[in-house]
2 protein chains.
Amino acid sequence: METTPETSLREDASVEVALPCAADTLLRKLWGQWKTHVIYVLGERHACRFGVLRRTITGISPKVLTQRLRELEADGLVWREQENTIPPKVTYGLTQTGLAVHAVLKDIEKIEV
Amino acid sequence: METTPETSLREDASVEVALPCAADTLLRKLWGQWKTHVIYVLGERHACRFGVLRRTITGISPKVLTQRLRELEADGLVWREQENTIPPKVTYGLTQTGLAVHAVLKDIEKIEV
DNA sequence: GAAAGTCGTTACCAAATGGAAACCACCCCT
DNA sequence: AGGGGTGGTTTCCATTTGGTAACGACTTTC
């Protein structure tokens with residue numbers, strides 16, 4: 001396909017151009033079970049240790065909590081700080097972006113159906 | 001386990017009470033591939049027929065689009081109007097709640113990482 | 001009379017997701 | 001020396017999800 005001459009351009013084609021949702025990229029980072037809860041708790045408490053998170057988010061298993069925290073950290077919403085004492089203390093909190101997301105969560109609460 | 005006497009109530013237990021994220025309920029309705037895109041397009045265009053949605057959201061299959069629309073309709077974010085002409089014309093649009101979600105999507109766009 | 005467009009539905013299949021249970025090293029307390 | 005708390009990891013399994021391809025009825029256009 002060279003030069004693609006656009007032989008018959010439909011009249012309404014300009015109206016049907018792809019219209020991607022930019023928010024999707026960020027929203028995808030909040031998919032998956034428990035993720036909003038983690039953000040929410042961290043936002044309300046400012047910072048938390050692993051055990052507190054685990055007990056505050058009732059029903060979550062340690063494996064999934066670790067997994068979610070790693071994902072959120074990789075996505076730049078959560079920071080992680082480890083003190084190499086024994087036993088180690090690991091603290092989590094929200095980054096700048098994470099705080100912005102937390103603010104949006106508070107807004108969304110007001111909608112509800 | 002009768003009466004569960006709460007023998008030893010930990011001092012800091014009040015701090016670790018469950019802290020559910022209320023926004024989670026609504027946000028769950030936006031999980032799943034393509035859902036934000038559907039809301040977004042309907043919000044930008046105010047109303048759309050099936051075929052337009054399908055061509056505007058590049059890559060979506062008719063099965064998945066139908067599925068998403070049904071879910072969004074059941075969740076009260078989208079309305080559906082069918083004219084029983086032949087071929088039938090089916091038009092979709094956002095409900096009041098759907099419009100609120102669309103507004104949130106526009107807010108989230110501004111965050112990005 | 002064959003093709004294309006309307007708006008879907010119905011298999012069928014592969015991949016991703018979520019959860020329960022067991023385990024780890026190390027320390028403190030009794 | 002045994003139990004509990006620290007912050008995880010690992011294994012295994014069932015469910016959920018997304019996608020492709022084919023088909024449906026009916027009309028208009030070539």
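Chain letters run A, B, ... following the sequence lines, proteins first and then strands; every chain starts at 1.
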Reported [atom1]-to-[atom2] distance for the pair [X] and [Y], which is rounded to 0.5 angstrom:
| X | Y | atom1 | atom2 | result |
| --- | --- | --- | --- | --- |
| A:T36 | A:L105 | OG1 | CG | 6.5 Å |
| B:L53 | B:Y92 | CG | OH | 8.0 Å |
| B:K35 | A:D24 | NZ | CG | 12.5 Å |
| B:E83 | B:T91 | CD | OG1 | 6.0 Å |

5' to 3', nucleotides 21-30 of chain C under a 4.0 Å protein heavy-atom cut-off (B base, S sugar-phosphate only, - none) gives -----SS---

A:E44, CD atom: more than 12 neighbouring heavy atoms under 6.0 Å
yes

In whole angstrom, what separates [X]'s [atom1] from [N]'s [atom2]?
| X | N | atom1 | atom2 | value |
| --- | --- | --- | --- | --- |
| A:K35 | C:dA16 | NZ | C1' | 13 Å |
| B:R54 | C:dA4 | CZ | P | 14 Å |
| B:E83 | C:dC7 | CD | C1' | 13 Å |
| B:Q67 | C:dT10 | CD | C1' | 12 Å |
| B:Q33 | C:dA16 | CD | P | 12 Å |
| B:E81 | C:dG8 | CD | C1' | 18 Å |

Could you tell me whether B:R68 and B:E71 have a side-chain N and a carboxylate O separated by less than 4.0 Å?
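A salt bridge links B:R68 with B:E71.
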
In terms of side-chain heavy atoms of B:T66, which of C:dT9, C:dC7, C:dG19 is nearest?
C:dT9

Test side chain to side chain donor-acceptor pair (under 3.5 Å) applied to B:R49 - qualifying residues, sequence neighbours left out:
none

Let me check something: do B:L30 and B:L99 share a hydrophobic cluster, defined by ILVMFWY side-chain heavy atoms less than 4.5 Å apart, either directly or through other members?
yes

Spell out, yes or no, whether A:W31 and B:V38 are grouped together once hydrophobic residues are joined by side-chain heavy atoms under 4.5 Å, including indirect joins.
no

Does [X] place a side-chain N or O at less than 4.0 Å from the phosphate oxygens OP1/OP2 of [N]?
| X | N | answer |
| --- | --- | --- |
| B:W31 | C:dT17 | no |
| B:R55 | C:dC7 | no |
| B:R70 | C:dG8 | yes |

Between D:dA21 and C:dC7, how many Å separate the two P atoms, rounded to a whole number?
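Each nucleotide's P atom is 22 Å from the other's.
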
Between which nucleotides of DNA chain D, 5' to 3', does chain A make heavy-atom contacts below 4.0 Å?
D:dT6 to D:dT11

